[in-house]
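Here is the structure we will look at, set down as structure tokens.
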Amino acid sequence: MKKLICLIFFAATLISCQESTTSIEPEPVLGEEFEIEIGEQITIQKEGLSITFKELLDDSRCPKGVYCVWAGNAKVAIQVNDEKAKLNTHLEPKTVNISEYSVTLVSVNPYPEYKTKIREEEYVLTLVVTQAE
């Protein structure tokens with residue numbers, strides 16, 4: 001019986017010492033890169049901005065492991081508050097000005113690999129929002 005009580009106490013101690021695996025993403029701030037998943041809406045409360053990654057319009061980037069004449073381009077649609085915009089990785093525009101802000105597409109991930117299909121829900125954008133000049 002004493003061993004059972006010690007075992008229960010030990011198990012309870014281990015469970016209470018475990019760290020939570022749930023993490024809360026910090027709110028994006030102006031001038032710092034942040035990631036946004038397809039269909040996700042990010043809010044920058046201090047600026048009153050709401051940004052949504054609406055859809056991937058095209059991904060013709062040259063896959064890893066393949067020799068291409070052109071690097072290709074990924075084109076995405078975003079929405080900033082009520083305004084829609086399209087951004088590109090290699091073509092223009094890479095940055096759009098909406099109200100008093102500039103939204104720049106830094107990257108689109110994952111990067112294509114030879115003979116590997118990327119599901120739409122896997123796409124993540126890296127964006128940066130700054131004050132427009």
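- Annotation: the span from His90 atom NE2 to Trp70 atom CH2 amounts to 8.5 Å, rounded to 0.5 Å.
- The list of salt bridge (charged side-chain N to carboxylate O under 4.0 Å, His left out) pairs with a residue in residues 122-133, not counting sequence neighbours, reads Arg119-Glu122.
- Note that OG1 of Thr104 is 10.0 Å distant from CD of Glu33, once rounded to the nearest 0.5 Å.
- Between Lys75 atom NZ and Ser60 atom OG the span is 10.5 Å, to the nearest 0.5 Å.
- Exactly one residue among Val76, Ile42, Ile78, Thr126 makes a side chain to side chain contact (heavy atoms under 4.5 Å, CB included) with Ile36. That residue is Ile42.
- The cluster map of Ile, Leu, Val, Met, Phe, Trp and Tyr, joined by side-chain heavy atoms under 4.5 Å apart, puts Val108 and Val124 in different clusters.
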### Query
Do Leu30 and Glu47 pass the side chain to side chain contact (heavy atoms under 4.5 Å, CB included) test, and can you show the C-alpha distance, the side-chain angles, and the key distance before you say yes or no?
CA-CA 9 Å; Leu30 291 184; Glu47 306 300 326; 3.5 Å; yes
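- Checked against Phe34 for a side chain to side chain contact (heavy atoms under 4.5 Å, CB included), the options Val128, Val29, Ile51 give a single hit: Ile51.
- Counting all heavy atoms, side chain and backbone alike, Ala74 lies closest to Asp59 at CB-OD1, 3.9 Å.
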### Message
Working note: Leu49 + Asn81, criterion side chain to side chain contact (heavy atoms under 4.5 Å, CB included); need CA distance, chi angles, decisive distance, verdict.
### Response
CA-CA 6 Å; Leu49 284 176; Asn81 292 342; 3.7 Å; yes
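- In the model, Glu37 has no side-chain atom that pairs as donor or acceptor with a side-chain atom of Tyr123 under 3.5 Å.
- Among all heavy-atom pairs drawn from Glu113 and Pro63, the shortest one is C-CB, 3.7 Å.
- Closest heavy-atom contact between Ile44 and Pro28: CG2-O, 3.6 Å.
- Residues Ser102 and Ala132 come closest through the heavy atom pair OG-CA, 3.5 Å.
- Residues Leu105 and Val96 fall within the same hydrophobic cluster, defined by Ile, Leu, Val, Met, Phe, Trp and Tyr side chains chained together at heavy-atom separations under 4.5 Å.
- In this structure, Asn109 and Ser107 have side chains that are in contact, with non-hydrogen atoms separated by less than 4.5 Å.
- Heavy atoms only, all atoms of each residue included: Ile98 and Ala85 are closest at CD1-CB, 4.2 Å.
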### Message
With side chain to side chain contact (heavy atoms under 4.5 Å, CB included) as the criterion, how do Lys64 and Tyr111 come out once you've worked through the C-alpha distance, each side chain's angles and the decisive distance to 0.1 Å?
### Response
CA-CA 8 Å; Lys64 292 177 187 174; Tyr111 196 88; 3.8 Å; yes
### Task
List the steps, then state whether side chain to side chain contact (heavy atoms under 4.5 Å, CB included) holds for Cys62 with Tyr67.
CA-CA 8 Å; Cys62 183; Tyr67 176 75; over 6 Å; no
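- Between the CG atom in Leu56 and the CD atom in Glu121 there is a gap of 12.0 Å [rounded to 0.5 Å].
- Sorted by first and then second residue, the salt bridge (charged side-chain N to carboxylate O under 4.0 Å, His left out) pairs involving residues 80-100 (not counting sequence neighbours) form an empty list.
- Defined by atom type and a distance below 3.5 Å, a donor-acceptor pair is missing between the side-chain atoms of Glu27 and Thr43.
- Inter-residue side-chain proximity for Glu120 and Ile38 is flagged as met; some heavy-atom pair is nearer than 4.5 Å.
- A donor-acceptor pair under 3.5 Å is formed between the side chain of Asn73 and the backbone N or O of Leu91.
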